[in-house]
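What follows is one structure encoded as structure tokens, with my remarks underneath.
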Amino acid sequence: MYIEAILIGLLIGMIRNGRLTNFNNAKFRGWAIAILAFVVYLVPYGLKIFSIGFENPQWFPFAAMGLIGVVALANFDKTGMKLFFVGTLLNMAVMAFNGFMMPIDIEKMRALGFESFVESITNGTVVNYIDSMDATKWTVFFSKIIALPKWYPLARVISIGDIVISVGIALVIQSEMLLHSMRTKNSMVRFSYKSKI
């Protein structure tokens, strides 16, 4: 879902006369925190590779999501970041009420052909997901229960929070492409005006 959001954001930005190169000029705060979040997310896999026991490895993916939320707060002034933060917070709330794991409809995952992933959930290899059938009742509605069509190339099961995050990502990308294009044009106008004096 996030890959599609990036592509849609780029497409909308280009349609609105934004430039891909302008996105490189965007100044996002908290890159170090984002990198730390990625490392923290991978910790459970490292623990398993080196056969290191840890009582609640699901805390690491949850903490990583929290760090991403901090990055969103650090860039709250940017268009789309508020939605990104709300979606992240919604997913975290669902996880917090389910032992820091995200409930997912495993039957819908099976129907999409993710049998090996389902097996990984049931045998505990994947530490940050549980069957939505075992979720706290009210959180089921905000869990990963929305199945994309099987014919869709990147079909998967997503949550409402995922959708909100994706919209936020698309808005951030296209708005930054446009903002920097506008700044460049304004700078050119001011330069041409001064050259006449």
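All figures in this text were calculated on a predicted structure; none of them were measured in a lab.
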Distance (rounded to the nearest 0.5 Å) between L90 CG and S159 OG:
6.5 Å

To the nearest 0.5 Å, what is the distance between OG (S132) and CE (M109)?
11.0 Å

Taking atom CH2 of W138 as the centre, does the number of heavy atoms from other residues, nucleotides or ligands within less than 6.0 Å exceed 12?
yes

Above 12 or not: heavy atoms from other molecules or residues under 6.0 Å from CZ of F28?
yes

Are F114 and I104 side-chain neighbours, meaning at least one heavy-atom pair lies under 4.5 Å?
no

Which of D105, L112, I106 passes side-chain contact (heavy atoms from CB on, under 4.5 Å) with K108? It is D105

Using 0.5 Å steps for rounding, measure from the CZ atom of R29 to the CE atom of M81.
9.0 Å

Closest non-hydrogen atom pair, L47 against F54:
CD1-CB, 3.7 Å

Shortest non-hydrogen separation from M95 to F62 and the atoms involved
CB-CD1, 3.9 Å

Please tell me whether N91 and T88 have a donor and an acceptor in their side chains that are separated by less than 3.5 angstrom.
no

Of all heavy-atom pairs linking P103 and V94, the shortest is CD-CG1, 3.5 Å

F84 versus I68: any side-chain heavy-atom pair under 4.5 Å?
yes

When rounded to the nearest 0.5 angstrom, what distance separates OG1 in T136 from CZ in F97?
7.5 Å

Set of side chain to side chain donor-acceptor pair (under 3.5 Å) partners for R110, sequence neighbours left out
E107, E115

In terms of hydrophobic clustering (I, L, V, M, F, W, Y; side-chain heavy atoms under 4.5 Å; direct or indirect links), are V157 and L154 co-clustered?
yes

Atom OG1 of T139 and atom CG of N98: how far apart are they, to the nearest 0.5 Å?
4.0 Å

Approximate separation, where rounding is to 0.5 Å, of Y2 OH and I165 CD1
3.5 Å

Identify the heavy atoms of K27 and N75 that sit nearest to each other, and give their distance.
O-OD1, 4.2 Å

Is any side-chain heavy atom of L11 closer than 4.5 Å to a side-chain heavy atom of M14?
no

Between K78 and L171, is there a side-chain heavy-atom distance shorter than 4.5 Å?
no

Taking the side chain as every heavy atom from C-beta outward, state whether I163 and I158 have any atom pair closer than 4.5 Å.
yes

Correct closest heavy-atom pair for P61 and V127 would be CG-CG2, 4.5 Å

Can you tell me how the ring of Y45 sits relative to the ring of Y41, calling it parallel under 30°, perpendicular over 60° and tilted otherwise?
tilted

For I121 and I130, which heavy atoms make the closest approach, and how far apart are they?
CG2-CA, 4.3 Å

